Number of protein chains: 2
Amino acid sequence: MAKGDRKWRDRFRKHGLRFTEPRRVILEVLSDTIEHLSAEEIYMKVHKKHPNIGLTTVYRNLYTLERMGIVTKFHFGDGCHRYELIESNKKPDHHHHLVCTGCKRIIDYDDFMDEEIEYIKKVEKALSRKHSFHITDHVIQFYGICKKCKAA
Amino acid sequence: MAKGDRKWRDRFRKHGLRFTEPRRVILEVLSDTIEHLSAEEIYMKVHKKHPNIGLTTVYRNLYTLERMGIVTKFHFGDGCHRYELIESNKKPDHHHHLVCTGCKRIIDYDDFMDEEIEYIKKVEKALSRKHSFHITDHVIQFYGICKKCKAA
DNA sequence: TTTCTTGTTGATAATGATTATCAATAATAA
DNA sequence: TTATTATTGATAATCATTATCAACAAGAAA
């Protein structure tokens, strides 16, 4: 077992779960991409490496990984969910998404994160006071037209 | 035809569309609520007034209204889309949503809109320069636990 | 080791929201 | 009045996601 895998195994152990081959492969696929893959797309990449791993297993484990706080599930308005590894060495830790309504491409961006965090904090404080609402998460997404689609 | 209806009729006309009874009723339902109704929920309310209007018609017209810029479609992560009238006399023009992950209730809020607009503007400018991306819309949502669910 | 418990898997069927199809109908234009 | 075009409602189809369930495999207990 590779060194990185041992880490994963321990992480699963803590939740009383096992670090299986399908889980290893799914994490591998997610680690190797900067894209925002859907369950179906993940399944296809997984399938190339291990043709015996089924789609159900992919769905099931994406849910597991989500609960474990390892992946995040997004909805960009194209009829399916898309998944992203939270701790990826291919992406900035905290970032948001730019969705092109033309070609559906998704661009990560992480500018003005300080300003954003400042703004979010302010809102959180006000909301917890005004509505006694305890914020645990937020989603910020931008929609528009990318360079290519503008030219076309 | 009521005075308000004439306005709607003209608006549809401009798009080469007709202001029909199903459309009138759907708009009526949306105007009369502060909730964030799903297509199914809208259909049920519409159905009470006009039992002959079908679910398909509701879906179709919500799409039409969306394209016309009259309603906005949201996705709060509960497996369906929810619709809101853009120009409603029951809601502030610009607002965001607080989603309780416990009871799924959605709270509108419109605090700190100035700060937000300031922040958004900054991001828009930077993005258009950096990625030549032209932003047309954005989504900001907060997830957390509401008062009731916290107590329970 | 053997046995027992429990997590995991893959195939299949089921669900639920949304869309496509299509003939019938109603509104508008010619 | 007729021709055109938008609209409708019912039905079937689609697509992503979940539930079911028997077979299997890893780890714990004996």
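Not measured: the values here are computed from a predicted model. Protein chains get the first letters and strands the later ones, always in sequence-line order, with residue 1 at the start of each.
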Letter by letter from the 5' end, nucleotides 11-17 of chain C scores (B base, S sugar-phosphate only, - none; protein heavy atoms under 4.0 Å) BB----S

Measure the distance from CG on Asp78(A) to C1' on dT18(C) and round it to the nearest whole Å. 14 Å

What about His36(A) and Tyr83(A), are their ring centers closer than 6.0 Å? no

Quiz: residues 135-143 of chain A side-chain donor-acceptor pairs under 3.5 angstrom, not counting sequence neighbours:
from      : atom 1 : to        : atom 2 : distance (Å)
Thr136(A) : OG1    : Tyr143(B) : O      : 3.2
His138(A) : NE2    : Glu116(A) : OE2    : 3.0
Gln141(A) : OE1    : Tyr143(A) : OH     : 2.9

Pick the nucleotide of DNA chain D nearest each of Arg82(A) and Phe12(B); which residue has the one closer to the 5' end? Phe12(B)

For Glu118(B), enumerate each residue passing the side-chain contact (heavy atoms from CB on, under 4.5 Å) test, keeping only those at least two apart in sequence or located in another chain. none

Once you round it to whole Å, what is the distance between P of dT17(D) and CG of Asn61(A)? 15 Å

Without decimals, in angstroms, what is the distance between Tyr63(A) OH and dT9(C) P? 16 Å

Without decimals, in angstroms, what is the distance between His50(B) NE2 and dG9(D) C1'? 15 Å

Counterpart residues, side-chain hydrogen bond (donor to acceptor under 3.5 Å, both in side chains), relative to His134(B) (two or more places apart): none

What integer distance in Å separates Tyr43(B):OH from dT19(C):C1'? 17 Å

Sequence neighbours left out, what passes side-chain contact (heavy atoms from CB on, under 4.5 Å) with His15(A)? Give chain and number order. Leu17(A), Met68(A)

Short N/O separations, protein against nucleotides 27-30 of chain C, under 3.5 angstrom:
none

Rounded to whole Å, the CD-C1' distance (Glu21(A) to dG7(C)) equals 16 Å

What residues form a side-chain hydrogen bond (donor to acceptor under 3.5 Å, both in side chains) with Asp78(A), not counting sequence neighbours? Arg82(A)

Glu115(B) meets the side-chain hydrogen bond (donor to acceptor under 3.5 Å, both in side chains) criterion, sequence neighbours left out, with Lys122(A)

Members of residues 30-38 of chain A that approach DNA chain D, where some heavy atom sits under 4.0 Å away: none

Figure out the CE/P separation between Met68(A) and dT8(C), and round it to whole Å. 10 Å

Using the test side-chain hydrogen bond (donor to acceptor under 3.5 Å, both in side chains), find all partners of Arg60(B) that sit at least two apart in sequence or belong to another chain. Thr57(B)

Please state how far atom NE2 in His15(B) lies from atom C1' in dT7(D), giving the value in whole angstrom units. 17 Å

With sequence neighbours left out, which residue pairs that include part of residues 62-71 of chain A fulfil the side chain to side chain donor-acceptor pair (under 3.5 Å) condition? Thr64(A)-Arg67(A)

Could you check whether any side-chain heavy atom of Arg18(B) comes within less than 4.5 Å of a side-chain heavy atom of Arg9(B), counting everything from C-beta outward? no

With sequence neighbours left out, write down each residue that passes side-chain contact (heavy atoms from CB on, under 4.5 Å) with Ile107(A), or none if nothing qualifies. Leu98(A), Arg105(A), His131(B), Phe133(B)

